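Everything numeric here is computed off the predicted structure, so don't read it as measured data.
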Number of protein chains: 2
Amino acid sequence: MAAGAQPREADAAWDIIELLFFAYRDFVGDPDAVLLKYAFGRAHHRVLHFVNRNPGMKVADLLDILNITKQSLGRVLKQLVDQGFIVQKEGAQDRRQRLLYATAKGEALSLKLAHLQTERINRAFGELGPGAHEAARRFLTAMIDSDNREGVLRQIARADRAKTRG
Amino acid sequence: MAAGAQPREADAAWDIIELLFFAYRDFVGDPDAVLLKYAFGRAHHRVLHFVNRNPGMKVADLLDILNITKQSLGRVLKQLVDQGFIVQKEGAQDRRQRLLYATAKGEALSLKLAHLQTERINRAFGELGPGAHEAARRFLTAMIDSDNREGVLRQIARADRAKTRG
DNA sequence: AATTTATGTCAGCCATGTTGACATATTTTG
DNA sequence: CAAAATATGTCAACATGGCTGACATAAATT
């Protein structure tokens, strides 16, 4: 396409755009039914997920990951703490920090939800050939903002270590 | 894992779960900046997208795709119509229907947003080898509810024909 | 003629995002 | 040490986009 020209129909990756929409919709839809029973929403799910994956994370780090304001986070975090899914502990080095940890109850719920989504993922990989997992990982990684990719991968690796260690 | 056992840490596909979260976040983030200038949100984007892709679609079909109530749709649809991005025409066979069409203005905006997302997709495929597009398409398709997959694929194929014809 | 269907609308509620202002405790810095 | 910066929390108000329930209209179907 010449510089400055309007995009034509055929230039758009309609298939991927729409498949991503539907795939993501079903993917996040799985946990919704379970969350309903706890009177929680997707916001709670996201918070619980990342706290469980990164035990002892700072509130500021969570805000960065979720990309929301502290006021928005505050509301759902308070509910999760009040209902015993998450605890906050004063930082050892920096006592201003309120480090976040999932309780046993919180971890159980987080795992339950992750397992639901994992079933969908494994079902998909089972239908596709070997190498599908690696291909999906590479595709999704390449879809992330390049100036963010490193951080995300580091975060995932760090979380894997943290949870394997524990 | 034995039947009835609790899911263990290692059983969860953490990498895919989190990569999908971040990839989708960046993917839908691209259009947001543009939509801001029109005082539109993601709800408007979704409506405009599917109407543009499926000229003459029924309101009921749009509701099925978006999986929202007619009241929710009504709000954003009214704004899109009032501002000249979408028109509604009485059905020829069934005059109860209000068939939906994107105007030239609506098509231009829809294409602009799709092009933004396509740039990200093509950038990703450019970084990966050949076959990445096909692999992504297969992965995303397999992630969709199996009892829905056929319908989604048919819908995409139909839309391709409709827009290529026009 | 009666019923069903496609669509629209009013009213109100809820979840979750936002901004702005301000408070408190703690750490860091000049 | 005093002052400034940082980490977190909180109050208040508001916007978006979901939801339910009730009801209205026109057109098609039975």
OP1 or OP2 of C:dG8 less than 4.0 angstrom from a side-chain nitrogen or oxygen of B:Gln88, does that happen here?
yes
Integer-rounded Å distance: C:dT16 P and A:Leu73 CG:
12 Å
Below 6.0 angstrom between ring centroids: does that apply to B:Tyr24 and A:Phe27?
no
Both B:Lys70 and B:Val76 contact DNA chain D. Which one's nearest nucleotide lies toward the 5' end?
B:Val76
Please check if the side chain of A:Asn54 supplies one atom and the backbone of A:Phe50 the other of a donor-acceptor pair under 3.5 Å.
yes
Establish whether the base of C:dT5 is bridged to the side chain of B:Arg96 by a donor-acceptor pair shorter than 3.5 Å.
yes
Distance-only donor-acceptor test (3.5 Å): side chain B:Gln71, base D:dG21
yes
Base, sugar-phosphate or nothing for A:Gln79? Non-hydrogen atoms, less than 4.0 Å.
nothing
Please state how far atom CG in A:Asn67 lies from atom P in C:dT18, giving the value in whole angstrom units.
8 Å
Scan A:Gly41 against the nucleic acid and name what it touches under 4.0 Å (heavy atoms): base, sugar-phosphate only, or nothing.
sugar-phosphate
For A:Arg46 and C:dG17, is the shortest distance between a side-chain N/O and OP1 or OP2 below 4.0 Å?
yes
Quick check on C:dA15: is either OP1 or OP2 less than 4.0 Å from any side-chain nitrogen or oxygen of A:His44?
no
What nucleotide among C:dT7, C:dT26, C:dT18 has an atom nearest to a side-chain atom of A:Ile68?
C:dT18
Considering only heavy side-chain atoms of A:Thr69, the closest of C:dG17, D:dG9, C:dT19 is C:dT19
Send over the distance from B:Met57 CE to C:dT7 P, rounded to a whole Å.
10 Å
Under 4.0 Å between a side-chain N/O of B:Ser72 and OP1 or OP2 of D:dG17, yes or no?
no
Would you classify B:Asp61 as touching base, sugar-phosphate or nothing, given that sugar-phosphate means primed atoms plus P, OP1 and OP2, and contacts are heavy atoms under 4.0 Å?
nothing
Checking salt bridge (charged side-chain N to carboxylate O under 4.0 Å, His left out) against B:Asp30, which of B:Arg42, B:Arg120, B:Arg25, B:Lys112 comes through?
B:Arg120
Without swapping roles, check the side chain of B:Asp26 against the backbone of A:Asp145 for a donor-acceptor pair under 3.5 Å.
yes
A:Gln97 CD - C:dT26 P separation (whole Å):
13 Å
By nearest-heavy-atom nucleotide on DNA chain C, the more 5' of A:Arg98 and A:Ala39 is A:Ala39
Taking only distance into account, with no hydrogens and no angle test, what donor-acceptor pairs under 3.5 Å do side-chain atoms of residues 124-135 of chain A form with protein atoms, sequence neighbours excluded?
from     : atom 1 : to       : atom 2 : distance (Å)
A:Glu127 : OE1    : B:Arg149 : NH1    : 2.9
A:His133 : NE2    : B:Asp15  : OD2    : 2.8
A:Glu134 : OE1    : A:Arg137 : NE     : 3.2
A:Glu134 : OE1    : A:Arg137 : NH2    : 3.3

Whole angstrom is fine here: how far is it from NE2 in A:His45 over to P in C:dT16?
13 Å
Rounded interatomic separation in angstrom, taking CG from A:Leu36 and P from D:dG18:
17 Å
In whole angstrom, what separates B:Arg42's CZ from D:dG17's P?
10 Å
To the nearest Å, give me how far apart CZ (B:Arg25) and P (C:dT16) are.
17 Å
Could you check whether any side-chain N or O of A:Thr118 sits under 3.5 Å from a backbone N or O of B:Ala13, counting only pairs where one atom can act as donor and the other as acceptor?
yes
Pick the nucleotide of DNA chain C nearest each of A:Gln93 and A:Ala43; which residue has the one closer to the 5' end?
A:Ala43
Side chain of B:Lys58: nearest nucleotide among C:dT7, C:dT5, D:dC19?
C:dT7
Where the side chain of A:Glu90 is concerned, which of D:dA28, C:dT7, C:dT26 is the nearest nucleotide?
C:dT26
When we call it a touch if two heavy atoms are under 4.0 Å apart, what does A:Arg75 touch: a base, just sugar-phosphate, or nothing?
base
